[in-house]
Amino acid sequence: MTSIYLLQVEPFQRSCSMSELRVRFAPSPTGYLHVGGARTALFNWLLAKNKGGTFILRIEDTDVERSTKESVDAILEGMKWLGLDWDEGPVYQSDSFPLYKEYVQKLLDAGKAYKCYCTSEELDAKRNLAMQEGRKPKYDGTCRDRGDHPDGQPYVVRFRAPQGGVTAFDDLIKGVITFPNEELDDLIIQRTDGTPTYNFCVVIDDATMRITTVIRGDDHVNNTPRQIQLYEALGFPVPQFAHVPMILGSDKARLSKRHGATSVIAYRDMGFLPEALLNYLVRLGWSNGDDEIFSRDEMIQKFDIHNVGRSASVFNTEKLLWLNAHYIKNGDPERLAGLLLPHLSSREVTTLGGPDLMAVVKTLQERAQTLVEMADRAVFYYNAPDSYDDAALAKFDKEQVLAVFEVVTEKLSSAPIDAVVVVDALFKEICTEKGWKMGQVGQPVRIALSGGTQAPGIGEIVVTLGIKETLKRISSAREYVTAK
RNA sequence: GUCCCCUUCGUCUAGCCCGGCCCAGGACACCGCCCUUUCACGGCGGCGACACCGGUUCAAAUCCGGUAGGGGACGCCA
């Protein structure tokens with residue numbers, strides 16, 4: 001007798017309006033939150049926000065060996081930094097062991113699961129043999145119909161999977177996916193030591209938490225049919241599934257450390273803004289026409305799981321940088337100043353007694369792609385140059401440079417300096433009066449004030465630095481050039 | 001090996017479901033020009049793709065079949 005496990009999937013909208021949407025992000029705490037996980041979390045979060053549903057954070061720590069508290073903290077830190085707030089949880093799977101046991105027993109009692117006394121050595125041997133002979137390495141069913149129950153002998157519990165037919169589901173992202181049941185073997189749901197296994201816990205949790213839509217990485221596609229069989233054996237309603245494609249490195253291999261940073265927190269430390277990472281991540285695999293920039297609210301409003309692409313995408317730092325630059329350029333200077341502070345301290349720069357940091361930020365917003373770059377460019381405001389770009393200075397005649405310093409000092413001292421336009425006007429005046437070119441005047445002064453040539457506009461620097469400090473720096477540069 | 005999935009510019013993608021508006025649009029990157037006192041910002045322009053082969057059709061990126069390539073899964077990991 002063959003059975004067809006083809007789910008009739010209702011139109012998405014409809015099923016959501018009937019019962020409240022509940023989604024979850026379920027990382028295993030064996031490392032930090034990486035960008036792939038963050039994107040999965042983001043899609044869950046967006047769908048929940050978009051539909052007014054509930055977003056649950058669940059920590060899958062059934063692997064006691066590899067799970068750590070540090071990882072849990074790191075994941076929470078990443079989530080918080082990105083602003084992906086959850087409505088319920090974090091729920092720890094390790095708290096539900098009794099519950100899993102209960103359901104294992106139910107299945108056992110119903111004859112839908114059985115005890116298997118095969119040792120892992122035996123299974124490994126069979127698996128290797130099957131692989132070698134080119135067969136699918138599935139469990140051969142040795143204990144499936146075993147009648148005896150040897151006392152005191154260790155055993156695992158296996159799910160008695162349907163033998164014939166197919167198991168299929170309509171993935172929200174990938175469409176209908178069908179698996180022949182003969183591909184699926186009797187999976188272990190409880191280990192020799194009595195602990196439950198992943199595929200079983202996931203089903204119990206998702207069912208008892210009343211998850212309506214499971215959004216996860218597409219490396220779980222192959223787990224889905226066995227989970228569906230479990231749902232049905234347990235009499236639980238089967239949720240909808242949405243498998244999001246993976247993120248790849250530039251060589252199109254699964255993104256990993258060797259491609260560069262993968263940790264969300266690492267991006268924070270490299271000077272990225274959370275809204276930039278979020279915007280980048282949401283556009284990786286998802287789109288809304290030709291739109292590129294999405295505020296938090298816009299992405300919530302426009303997000304539609306059906307618009308998520310089916311294929312994997314390559315992580316591209318250049319585009320992330322562009323977005324980051326965009327958000328820095330348009331960001332609130334006060335907030336940016338606050339975010340910049342730690343980067344300044346790590347450079348041993350103190351803003352005390354120096355120019356107002358907010359004013360400094362304003363002169364740098366169009367010139368920095370990251371907060372790290374901004375910090376680098378901000379240093380000169382607080383630490384007067386201890387050396388000058390000689391190569392740049394060499395482009396000008398020594399006497400000419402000294403003359404410029406003299407005239408500029410004179411001009412700047414003669415009038416109240418309170419705005420960028422005032423300074424700019426003064427410099428233009430000098431040029432017309434002396435018949436100099438702007439480049440001849442501006443560049444030496446820029447070097448005098450910042451030490452180099454890559455800096456904000458002269459007017460911006462002068463006003464931000466203050467007239468007193470400006471004159472002091474020009475005077476120092478004057479001495480330096482004279483002594484040369 | 002078996003099963004599952006994927007395939008539009010270098011990269012992210014629009015278009016594909018409901019063939020003609022597509023000799024394929026946008027964005028990042030790259031190149032050039034303009035703006036400009038440096039560095040940037042900005043503006044304008046350029047480069048550049050429907051994996052391949054068949055079929056259906058008056059017409060295919062869009063539908064069908066096959067091929068190739070890539071990825072994933074096959075654990076008493078999650």
Side-chain angles (χ1 to χ4, degrees), chain A residues 26-30 60-63 65-67 93 116 118-120 123-124 127 130-138 154-158 171 174-175 177-180 182-185 187-193 195-199 201-202 217-225 243 245-246 248 250 252-254 280 283-293 306-307 309-323 325 329 364-369 377 389 392 424 427-428 431 437-447 450 452-459:
Chain A
S28 56
T30 54
E60 310 219 316
D61 58 348
T62 47
D63 184 352
E65 299 285 300
R66 297 197 301 151
S67 301
Q93 279 190 324
C116 168
C118 298
T119 66
S120 40
L123 294 172
D124 283 347
R127 188 161 30 241
M131 283 283 220
Q132 267 174 24
E133 292 178 351
R135 300 193 329 265
K136 176 107 180 164
K138 54 180 278 194
Y155 63 86
V156 297
V157 177
R158 283 183 186 273
D171 193 278
K174 305 212 176 222
I177 301 177
T178 308
F179 289 84
E182 50 186 304
E183 286 300 320
L184 282 8
D185 60 0
L187 86 156
I188 293 171
I189 58 177
Q190 187 178 87
R191 302 184 184 96
T192 309
D193 66 2
T195 58
T197 58
Y198 168 75
N199 277 111
C201 298
V202 168
D218 73 357
D219 47 336
H220 286 288
V221 166
N222 293 271
N223 287 329
T224 308
H243 288 97
M246 305 194 317
L248 311 176
S250 48
K252 306 238 177 172
R254 188 186 202 135
Y280 179 71
R283 276 286 291 108
L284 205 55
W286 175 80
S287 61
N288 183 260
D290 287 338
D291 297 350
E292 293 289 350
I293 306 295
H306 294 101
N307 290 140
R310 286 175 291 273
S311 54
S313 31
V314 174
F315 192 88
N316 181 219
T317 313
E318 301 292 334
K319 188 148 185 181
L320 207 207
L321 275 170
W322 173 73
L323 280 163
K329 205 188 315 161
L364 263 16
Q365 279 181 282
E366 290 189 342
R367 297 176 164 82
Q369 287 193 296
R377 285 171 170 263
D389 185 340
D424 288 346
F427 272 74
K428 282 199 180 99
C431 286
K437 289 237 162 90
M438 192 54 104
Q440 286 179 285
V441 185
Q443 202 66 332
V445 174
R446 174 171 292 104
I447 295 167
S450 72
T453 57
Q454 298 189 13
I458 293 289

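Residue numbering restarts at 1 for every chain, and letters A, B, ... go by the order of the sequence lines. Everything quoted here is computed from the prediction, not taken from an experiment.
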Inset, instruction - Choose from B/U38, B/U7, B/C77 the nucleotide whose nearest atom is closest to any side-chain atom of A/R191. - result: B/C77

Legend entry - Sugar-phosphate only, base, or nothing, as touched by A/H243 at under 4.0 Å among non-hydrogen atoms: nothing

Inset, instruction - Using a 4.0 Å heavy-atom cut-off across all strands, classify A/P456 as base, sugar-phosphate, or nothing. - result: base

Legend entry - Exercise: identify the closest heavy-atom pair between A/F315 and A/L320: CZ-CD1, 4.2 Å

Legend entry - Whole-Å distance separating the CD atom of A/Q190 from the P atom of B/C76: 14 Å

Legend entry - B/G25 base / A/D290 side chain donor-acceptor hit below 3.5 Å: yes

Please tabulate, one pair per line, each protein N/O and nucleotide N/O from nucleotides 65-69 of chain B that are separated by under 3.5 Å, including the distance.
none

Inset, instruction - Considering non-hydrogen atoms only, spot the tightest contact between A/D185 and A/P137 and give its length. - result: OD2-O, 4.5 Å

Legend entry - Donor on one side chain, acceptor on other, A/S450 and A/R446, under 3.5 Å: no

Inset, instruction - Rounded to whole angstrom, note down the C1' distance from B/A51 over to B/G69. - result: 8 Å

Inset, instruction - Mind telling me if B/C41 is syn or anti? Syn here is a glycosidic angle within 90° of 0. - result: syn

Legend entry - P-based separation of B/C18 from B/G65 [nearest Å]: 14 Å

Inset, instruction - Take A/W286 and A/R446, find for each the nucleotide of RNA chain B with the closest heavy atom, and name the residue whose nucleotide sits nearer the 5' end. - result: A/W286

Inset, instruction - Remember a base hit wins even if backbone is also touched, and classify A/I177 as base, sugar-phosphate or nothing at under 4.0 Å, heavy atoms. - result: sugar-phosphate

Inset, instruction - Examine B/A73: is either OP1 or OP2 under 4.0 Å from a nitrogen or oxygen in the side chain of A/R254? Give yes or no. - result: yes

Inset, instruction - Please state whether the base of B/C76 and the side chain of A/T197 form at least one donor-acceptor pair under 3.5 Å? - result: no

Inset, instruction - Classify the side chain of A/R310 and the base of B/C6 as holding, or not holding, a donor-acceptor pair under 3.5 Å. - result: no

Inset, instruction - Answer yes or no: does a side-chain N or O of A/T30 lie under 4.0 Å from OP1 or OP2 of B/A78? - result: no

Inset, instruction - Take atom OH of A/Y198 as the centre, draw a 6.0 Å sphere, and report whether it contains more than 12 heavy atoms from other residues, nucleotides or ligands. - result: yes

Legend entry - Value in whole Å for how far the P atom of B/G71 lies from NZ of A/K174: 14 Å

Inset, instruction - Identify whether any heavy atom of A/S313 sits under 4.0 Å from a base atom; if not, whether one sits that close to sugar-phosphate; answer base, sugar-phosphate or nothing. - result: sugar-phosphate

Legend entry - Where A/P245 and A/S311 come nearest, the two heavy atoms and their spacing: CB-O, 3.3 Å

Inset, instruction - Establish, with yes or no, whether the OP1 or OP2 oxygen of B/G75 is under 4.0 angstrom from a side-chain nitrogen or oxygen of A/R127. - result: yes

Legend entry - A/T197 and A/N199: side chain donor to acceptor below 3.5 Å: no

Inset, instruction - Specify the separation, in whole Å, of atom CZ of A/F179 and atom C1' of B/A73. - result: 8 Å

Inset, instruction - Measure distances between side-chain N and O atoms of A/D219 and base N and O atoms of B/G72, and say whether any donor-acceptor pair falls under 3.5 Å. - result: no

Polar atom pairs (N or O), protein with nucleotides 42-47 of chain B, under 3.5 Å:
unit_1 : atom_1 : unit_2 : atom_2 : d
B/G42  : OP1    : A/K329 : NZ     : 3.0

Inset, instruction - Taking all heavy atoms of A/M438 and all of A/K428, pick out the closest pair and write down the distance. - result: CE-CG, 3.6 Å

Inset, instruction - Mind checking A/E292 for me? I need base, sugar-phosphate or nothing, with any heavy atom below 4.0 Å counting as a touch. - result: base

Inset, instruction - Using a 4.0 Å heavy-atom cut-off across all strands, classify A/V156 as base, sugar-phosphate, or nothing. - result: base

Legend entry - Any A/T62 side-chain nitrogen or oxygen under 4.0 Å from OP1 or OP2 of B/A78: yes

Legend entry - Pairwise C1' distance for B/G26 and B/C22, with rounding to whole Å: 14 Å

Legend entry - Whole-angstrom distance between B/C44 and B/A49, as gauged at atom C1': 24 Å

